[in-house]
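Below, read A as the first sequence line, B as the second, and so on, with proteins coming before strands; counting in each chain starts at 1.
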Amino acid sequence: MIDVTDLLDPLNDAQRQAVTAPSQAMLVLAGAGSGKTRVLVHRIVWQIQVQGVSPHGILAVTFTNKAAREMRGRIEELLQRPTHNLWIGTFHGLAHRLLRRHANQAKLPETFQVMDSADQLRVIKRILQGMNLDEAKWPPKQVQWFINAQKDEGVRARHMPETGDLYQGQMIAIYRAYEELCDRSGLVDFAELLLRAHELLRDNPDVLSFYQERFQQVHVDEFQDTNTIQYAWLRLLTQDLNNLFVVGDDDQSIYGWRGARIENIYSFQKHFPGHEVIKLEQNYRSTGNILKAANQVIAHNEGRMGKELWTESGEGDPISLYAAFNEQDEAFFVIERIRAWIKEGGARADTAILYRSNAQSRQFEERLVVAGIPYRVYGGLRFFERAEIKNALAYLRLIANRDDDVSFERVVNTPTRGIGAKTVDDLRIIARDRGTSLWRAAAIMLEHGMLSARAGNALAGFMQLIDRLAAETQGMELFEQVKRVVEKSGLIEFYQNSKGEQGEEKVENLEELVNAARLFDPNIGNEDNLGPLELFLAHAALEAGEMQGEDFDDCVQLMTLHSAKGLEFKVVFMVGMEEGLFPSLQSVEDPKRLEEERRLCYVGMTRAMQTLYMTYAESRRLYGRENYPRPSRFLREIPAEFIQEVRLRAQVSRPAAAAPVRQASASLSVSQYKLGQRVSHTKFGEGVILQLEGQGAQERAQINFKGAGVKWLMLAFAGLNALS
DNA sequence: CTCTACGAATTTTTT
DNA sequence: ATTCGTAGAG
């Protein structure tokens with residue numbers, strides 16, 4: 001008899017129902033904070049321990065590496081043993097694995113390399129140059145977007161109809177040229193991983209049936225974020241097998257703009273008739289007021305699956321709404337509240353400032369610096385995306401695959417070795433004419449003496465360097481290989497000679513890369529005997545690494561609403577709640593996009609465990625212009641009963657009876673103060689009132705003095721004079 | 001090749 | 001306002 005107490009005891013009724021359901025197509029609609037990862041983890045362990053499914057027969061798919069890691073960790077914890085042959089990974093990671101295993105059938109060279117989006121953009125720019133197209137008329141970003149959008153829908157250039165439309169026709173031509181170059185260079189972009197993996201299964205019945213038989217149970221996290229090709233891939237693997245278990249929340253679909261199809265969750269019913277839907281609505285994160293407010297906001301969306309979060313914990317505090325005078329005042333308010341939280345013993349890391357766009361972080365950062373409060377901003381360059389790291393990787397990639405044109409172009413003259421734009425242009429022409437890679441074109445040109453002596457020597461030197469590195473590092477340990485390449489490529493020297501701290505940091509990062517290679521364990525989930533270098537390079541592309549220096553310090557968290565998804569904080573500040581900012585100006589016209597903004601608002605609100613602050617500014621400087629935005633419509637969608645307005649200013653309109661008796665001899669009476677009023681001070685000179693708070697002898701004002709900066713003054717003693 | 005100047009854009013991000 | 005990328009000059 002198997003003891004399932006540990007497995008089922010921590011679950012509520014709905015969760016248990018989902019975990020123990022018989023094998024069938026299942027959709028678990030898991031609200032925010034309802035324990036969706038727990039359900040997924042327990043479901044998998046249930047299948048292994050109770051249903052007798054071998055870990056070998058289980059597939060679990062996530063969107064981020066972080067989620068995949070977390071899931072594996074929790075499964076192992078519950079199982080009390082490692083799960084080596086259980087496939088858990090991201091769509092991209094799993095697709096990559098399939099393509100490596102079946103490179104031949106996927107029509108890819110064994111040495112194919114994964115490109116990240118920056119690499120992809122470079123390739124596209126090169127294509128545009130090669131086609132003599134003006135980048136102003138054909139913005140590379142837009143082309144990239146177009147190509148990825150097609151791939152996300154499973155559409156290849158050859159599938160696209162010539163409609164006679166000039167724009168469309170040109171785009172197709174670019175797409176086609178792009179495909180050709182990628183094929184020639186053995187390069188695969190992110191969208192291609194998915195598309196190619198789909199085609200592999202679709203066009204190779206033997207491969208498909210192999211995996212259909214292998215994966216007895218398939219699980220998907222964040223199903224609302226799947227795009228067309230990902231869903232198609234899942235269906236290929238599971239159709240008619242009653243073994244697809246998906247977890248998602250249509251109310252948290254916020255990635256429609258990058259191809260996610262919320263409709264997938266709605267059409268699940270159609271594609272898997274007779275599937276079961278289980279809703280997880282009990283929330284273990286937030287207080288009642290926050291949940292009810294969030295429920296009300298999201299209720300404004302149409303066509304939802306329908307779901308209402310509830311909690312057994314109490315009502316908690318109402319949401320605090322603060323109308324700031326301007327964006328500076330907004331930041332001031334937030335930082336004051338954080339200060340108060342810390343003073344009462346709260347941890348900085350339990351507070352988060354969430355904003356719609358990255359540009360908004362600045363005000364808060366400045367204030368936090370002044371206040372001396374440590375903080376961490378999410379987003380920005382990650383380790384494997386840094387230029388120096390990408391350069392080092394490019395050398396390694398060339399060693400693995402000489403035909404990798406992106407890498408070739410990247411480092412052929414980095415560090416500078418006298419191979420100018422002209423030479424590379426010539427190479428490109430030959431490569432194009434012969435339909436081959438830059439490396440081979442270079443070989444041809446050298447062989448036929450088609451280059452000037454100087455350029456030829458430089459180029460030959462470069463090629464010898466790569467060949468020599470490849471020969472020397474043959475059979476070396478991965479980290480030694482990386483170390484040797486970093487040293488001999490001349491990159492270290494190059495950055496040491498480049499000026500100042502910038503260069504120093506880059507050298508450190510390169511050393512860190514060697515370290516990363518040392519720590520890299522190619523055996524994690526490596527059932528195939530792939531070279532460690534290939535795996536390391538794929539790892540670098542598929543997992544760009546953490547943001548700068550993983551500091552587990554106690555820091556205030558600053559991030560966009562998007563990056564907050566999946567996280568939780570005791571105290572959350574949603575700032576910039578203004579029309580045009582949030583919802584974003586670009587979304588207000590289109591009802592679909594507006595609904596996505598509303599879901600984003602819902603996501604933000606449901607991050608808060610204890611306290612939720614929402615703020616907006618009555619005046620905001622944006623793109624150098626002063627704006628007077630209206631408060632966000634989402635604020636109006638929250639019933640007043642859940643909101644408490646915070647007023648730092650004196651309540652001028654307060655009834656006389658309630659007005660406190662003033663004892664101190666303030667030189668101005670309270671009713672004379674207004675925000676924005678100009679005043680003068682004997683010592684600080686002229687200034688403008690930003691804030692008013694407290695009453696009577698306690699009354700104080702925050703004033704921005706022209707000379708002395710922003711000060712808080714007790715009015716009773718300040719001796720201010722009002723200026724007209 | 002590096003430096004300067006000018007112009008244009010400016011939601012959200014993982015893989 | 002600020003940043004980022006390109007074009008043109010030295």
Student: Round to a whole Å and report the spacing from CD of A/Glu596 to C1' of B/dT12.
Tutor: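 My rounded result for the distance is 9 Å.
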Student: Is it true that the side chains of A/Gln144 and A/Gln120 contain a donor and an acceptor less than 3.5 Å apart?
Tutor: yes
Student: Can you measure A/Gln360 atom CD to B/dT10 atom C1' for me and round it to whole angstrom units?
Tutor: 13 Å
Student: Could you state the CZ-C1' distance from A/Phe384 to B/dT15, rounded to the nearest angstrom?
Tutor: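 Taking CZ of A/Phe384 and C1' of B/dT15, I get 14 Å after rounding.
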Student: Give the rounded distance in Å between these two atoms: OH of A/Tyr378 and C1' of B/dT12.
Tutor: 17 Å
Student: Does a side-chain N or O of A/Tyr255 approach OP1 or OP2 of B/dT11 to a distance below 4.0 Å, or not?
Tutor: no
Student: With a strict under 4.0 Å distance from non-hydrogen atoms of chain A, what nucleotide opens and what nucleotide closes the contacted stretch of DNA chain C, reading 5' to 3'?
Tutor: C/dA1 to C/dT6
Student: May I have the distance from A/Gln120 (atom CD) to B/dT14 (atom P), rounded to whole angstrom?
Tutor: 16 Å
Student: Can you tell me how the ring of A/Trp233 sits relative to the ring of A/Phe91, calling it parallel under 30°, perpendicular over 60° and tilted otherwise?
Tutor: perpendicular
Student: Check A/Arg598, A/Arg599, A/Lys565, A/Arg304 against A/Asp251 for a salt bridge (Lys or Arg N to Asp or Glu O under 4.0 Å) and give me the one that passes.
Tutor: A/Arg304
Student: Answer yes or no: does a side-chain N or O of A/Thr560 lie under 4.0 Å from OP1 or OP2 of B/dT13?
Tutor: yes
Student: With a cut-off of 6.0 Å (strictly less than), are more than 12 heavy atoms of other residues, nucleotides or ligands near CD of A/Glu626?
Tutor: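 More than 12 within 6.0 Å, yes.
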Student: Does a nitrogen or oxygen in the side chain of A/Asn413 sit under 4.0 Å from OP1 or OP2 of B/dC1?
Tutor: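 Affirmative; the distance criterion is met.
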Student: Just how far is it from atom CD of A/Glu222 to atom CD1 of A/Ile265, taken to the nearest 0.5 Å?
Tutor: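 Here the rounded value is 10.0 Å.
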Student: Below 4.0 angstrom from OP1 or OP2 of B/dT13, is there any side-chain N or O of A/Ser563?
Tutor: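 Looking at the OP1 and OP2 atoms of B/dT13, one of them is under 4.0 Å from a side-chain N or O of A/Ser563.
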Student: For the pair made of CG in A/Asp221 and P in B/dT14, what is the distance, rounded to whole Å?
Tutor: 16 Å
Student: Does the side chain of A/Gln113 pick up a donor-acceptor pair with the side chain of A/Asp404 at under 3.5 Å?
Tutor: no
Student: Between A/Asn358 and B/dT12, is there a contact of a side-chain N or O with OP1 or OP2 at under 4.0 Å?
Tutor: yes
Student: Output yes if the stacking criterion (under 5.5 Å between centres, under 30° between planes) is met for A/Trp257 over the base of B/dT12, else no.
Tutor: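 Yes.
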Student: Between P on B/dT12 and OH on A/Tyr355, what's the gap in Å once rounded to a whole number?
Tutor: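 Computing the A/Tyr355:OH to B/dT12:P distance gives 10 Å.
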Student: Of the nucleotides B/dC1, B/dT15, B/dT11, which one has an atom closest to the side chain of A/Thr90?
Tutor: B/dT15
Student: Per the salt bridge (Lys or Arg N to Asp or Glu O under 4.0 Å) rule, which among A/Arg428, A/Arg397, A/Arg122, A/Lys390 passes with A/Glu409?
Tutor: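 Exactly one pass, corresponding to A/Arg428.
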Student: Considering only nitrogen or oxygen atoms on both sides, find all protein atoms under 3.5 Å from nucleotides 7-9 of chain B and state each distance.
Tutor:
none

Student: For the pair made of CD in A/Gln230 and C1' in B/dT15, what is the distance, rounded to whole Å?
Tutor: 9 Å
Student: What ring pair (Phe, Tyr, Trp, His ring centres under 6.0 Å) pairs are there with at least one residue in residues 578-598 of chain A, not counting sequence neighbours?
Tutor: A/Phe582-A/Phe634
Student: To the side chain of A/His562, which of B/dT13, B/dC1, B/dT11 is closest?
Tutor: B/dT13
Student: On DNA chain B, does the nearest nucleotide to A/His92 precede the nearest nucleotide to A/Gln586 from the 5' side, or the other way round? Give the residue.
Tutor: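 With A/His92 and A/Gln586 compared, the 5'-side residue is A/Gln586.
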